[in-house]
Amino acid sequence: MKTRIKNILREKPLGETVIICGWVRTRRDTGGFSFIEVSDGSCLANLQIIADDRLDNYQSEIKQLSTGASVIIEGELKASPAKGQEVEVHATKIAVVGKADPETYPLQKKRHSFEFLREISHLRPRTNALGAVGRVRSRLSYAVHQFFQERGFVQVHTPIITTSDCEGAGEMFQVTTGKAGGKEEHFFGRPAGLTVSGQLQAEVYALALGDVYTFGPTFRAEKSNTSRHLAEFWMIEPEMAFCDLQGNMQIAEEMLKYLLADAMTHCPEDMELFDKFIEKGLLQKLQGVTEQEFAHITYTEAVDRLKKAKKQFEFPVEWGLDLQSEHERYLTEEVFKRPLTVTDYPATIKPFYMRVSDDGKTVAAMDILVPGIGEIVGGSQREERYDVLAARMSGAGITLADYQWYLDLRLYGSVPHAGFGLGFERLIQFVTGMTNIREAIAFPRTPGFAPC
Ligand code: ATP
Ligand code: MN
């Protein structure tokens, strides 16, 4: 039975026989010995294996082992005299399972650029940094479910194929069978696409089950190549019945703090790697975020601040125009130096489903901005009044009949409700300090790029 390196390093069963299945990181020979560093991906640390010519394949195979080769090692766990490690394995058997030709294997001991690693996305999880992202991402995915399940939220699997384009903006990928040269009947009876958000369907379940959330893949044909947009990403979208904007802001802040703390508690070694090599001071920054209240201003105040700023912005600042990434980052990085919730945006720049405020000009929207990224959460209280919603939809050029199901929610037992979307990869960026979102997902999809 194999033992994971993670468990070996935690439990240190000295004197016991262990079996390790993993990949060679390095091999070093001295005299009649070889020191082999092996990783099995269960944790950041490697385990040192000591082999000598008592192994019958020592000369023929072990001394040829190179970076990337896969091995199964059996041996005794002993205290290590070497510095920087407590235990090592004295091998009694090493099976070379798969070789890796050092002439062609692209991952060598030196550090590779993330740009280069993206070209070999099938091998990059074998690097320390991308392996660590993989583990932290998995842990945080689990923590998302834990956070909501502990609070009694019900998970809804909202559809991936949809006939409603929630955000409007023409960012939807179309779904067709591709047959009949464009003359085909629509498979679903009308145009369909890949979901840009599970929100509208989550609202259906919130108005039946109370507090719900969806956490799934989301698709947007984003034309822009930025460090924070993907064409396929994962979104966490809670939706709460009997909840207003204040309640929405509270749960979003609580969730972000919970997730940061979870990563630091459960992935300490990986987080230290990021702190050391990816973003200096990361842990201190995240710790600070968990301890402080988020700042809070309205959109109108944000515009005032930006207008007074000494900084030259590329994009104009005017009440009624959307905040650009440079504006968001200035506010959170330079003015407040911590996460910032901006509320009450102009109705004209926000989608139809956001609740119109008493001033008639703004909606009960909220965006959470964080240093280094800008927007990480977008949400709102939803318009629960039938007439107001119908008017907003007509104004947006939407055919009401196509969304009668959505309007019906306001006809039968309508309640104030609210929710938000947290981009999972932007969260991973924030937690790991990775500057490009392409490192926050295993297989990034961006314009012109989807190799495997
Ligand atoms: P942005 O202005 O940054 O494009 P958005 O206003 O389009 O964001 P929303 O529609 O509010 O974003 O989506 C909710 C959340 O989903 C965002 O706050 C962000 O974290 C994430 N998100 C949106 N688009 C993308 C994308 N293309 N790739 C990765 N994450 C995204
Ligand atoms: Mn967008």
Side-chain angles (χ1 to χ4, degrees), residues 137 140 144 158 162 164-173 193-200 202 213-239 245 248-249 251-253 255-256 259 294 299 302 315 321-329 331-332 339-343 345-346 348-354 363-382 418-432 434-447 449-450:
R137 188 180 161 111
L140 282 177
V144 164
T158 50
T162 170
S164 50
D165 179 357
C166 175
E167 307 292 321
E171 290 175 347
M172 195 184 255
F173 287 103
L194 297 177
T195 184
V196 295
S197 162
Q199 178 202 319
L200 301 191
Y213 69 105
T214 142
F215 180 11
T218 309
F219 307 86
R220 293 188 188 178
E222 308 267 11
K223 304 132 295 254
S224 53
N225 255 309
T226 78
S227 60
R228 53 179 212 161
H229 288 96
L230 293 164
E232 176 179 300
F233 62 101
W234 287 64
M235 187 144 60
I236 297 144
E237 295 177 277
E239 192 68 36
L245 189 66
N248 203 20
M249 284 164 60
I251 197 97
E253 180 168 339
M255 178 183 69
L256 283 171
L259 295 174
F294 288 7
Y299 166 89
F315 290 92
L321 296 180
D322 208 357
L323 302 182
Q324 299 296 320
S325 162
E326 56 170 350
H327 307 136
E328 296 175 344
R329 291 188 54 174
L331 290 169
T332 174
L340 166 67
T341 310
V342 181
T343 58
Y345 285 77
T348 46
I349 56 170
K350 289 292 186 186
F352 66 85
Y353 51 73
M354 296 193 177
V363 286
M366 62 163 203
D367 279 7
I368 298 179
L369 319 178
V370 297
I373 297 171
E375 182 188 332
I376 188 167
V377 165
S380 69
Q381 185 173 333
R382 318 308 187 190
F420 61 85
L422 164 66
F424 192 47
E425 287 73 20
R426 291 199 191 168
L427 172 75
I428 301 292
Q429 270 188 283
F430 189 57
V431 168
T432 61
M434 286 292 174
T435 51
N436 198 307
I437 199 166
R438 291 165 177 81
E439 272 68 69
I441 189 165
F443 299 98
R445 273 88 180 84
T446 51
F449 189 84

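Order of appearance sets the numbers: ligands from 1, and atoms from 1 within every ligand.
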Check your understanding: Are any side-chain N or O atoms of Thr432 and backbone N or O atoms of Met434, one a donor and one an acceptor, separated by less than 3.5 Å?
Key -> yes
Check your understanding: By number and element, which atoms of ligand 1 are closer than 4.0 Å to a non-hydrogen atom of Val377?
Key -> 18 (O)
**Study point:** Heteroatom distance test (Leu230, ligand 1): nitrogen or oxygen, under 3.5 angstrom
**Key:** yes
**Study point:** Contact check: Ile437 vs ligand 1, nitrogen or oxygen atoms, below 3.5 angstrom
**Key:** no
Check your understanding: Backbone, side chain, both or neither: what part of His229 comes under 4.0 angstrom of ligand 1, heavy atoms only?
Key -> both
**Study point:** Side chain Gln381, main chain Ala364, donor-acceptor under 3.5 Å
**Key:** no
Check your understanding: Measuring from the heavy atoms of Glu425, does anything fall under 4.0 Å of ligand 1?
Key -> no
Check your understanding: For ligand 1, which atoms, with element, lie under 4.0 Å from some heavy atom of Gly378?
Key -> 11 (O), 18 (O)
Exercise for review: Please report the closest heavy-atom contact between Met366 and Ala252, naming both atoms and the distance.
Suggested key: CE-CB, 3.9 Å
Review point. Side-chain contact, heavy-atom cut-off 4.5 Å: Arg228 with Ser325?
Key: yes
Check your understanding: Between Leu331 and Ala302, which heavy-atom pair has the shortest distance, and what is it?
Key -> CD1-CB, 3.8 Å
Practice item. Would you name the heavy atoms of Pro339 and Pro371 that are closest together and state the gap between them? Key: N-CD, 4.1 Å
Check your understanding: Do Glu171 side-chain atoms and Val196 backbone N/O form a donor-acceptor pair below 3.5 Å?
Key -> no
Review point. Nearest to atom 24 (N) of ligand 1 by heavy atom, Glu171, Arg220, Glu328: which?
Key: Arg220
Practice item. Please state whether Thr218 comes within less than 4.0 angstrom of ligand 1, counting heavy atoms only. Key: no
Study note, to complete from the structure: Closest to atom 5 (P) of ligand 1 (heavy atoms only, candidates Glu375, Arg445, Met235) is Glu375
**Study point:** Check: Glu425 side chain, Arg438 main-chain N or O, donor-acceptor pair, under 3.5 Å
**Key:** no
Practice item. Please work out which of Trp234, Phe219, Phe233, Phe424 has its closest non-hydrogen atom nearest to atom 25 (C) of ligand 1. Key: Phe233
Point to revise | Those atoms of ligand 1 less than 4.0 Å from some heavy atom in Glu222 | key: 24 (N), 26 (C), 27 (N)
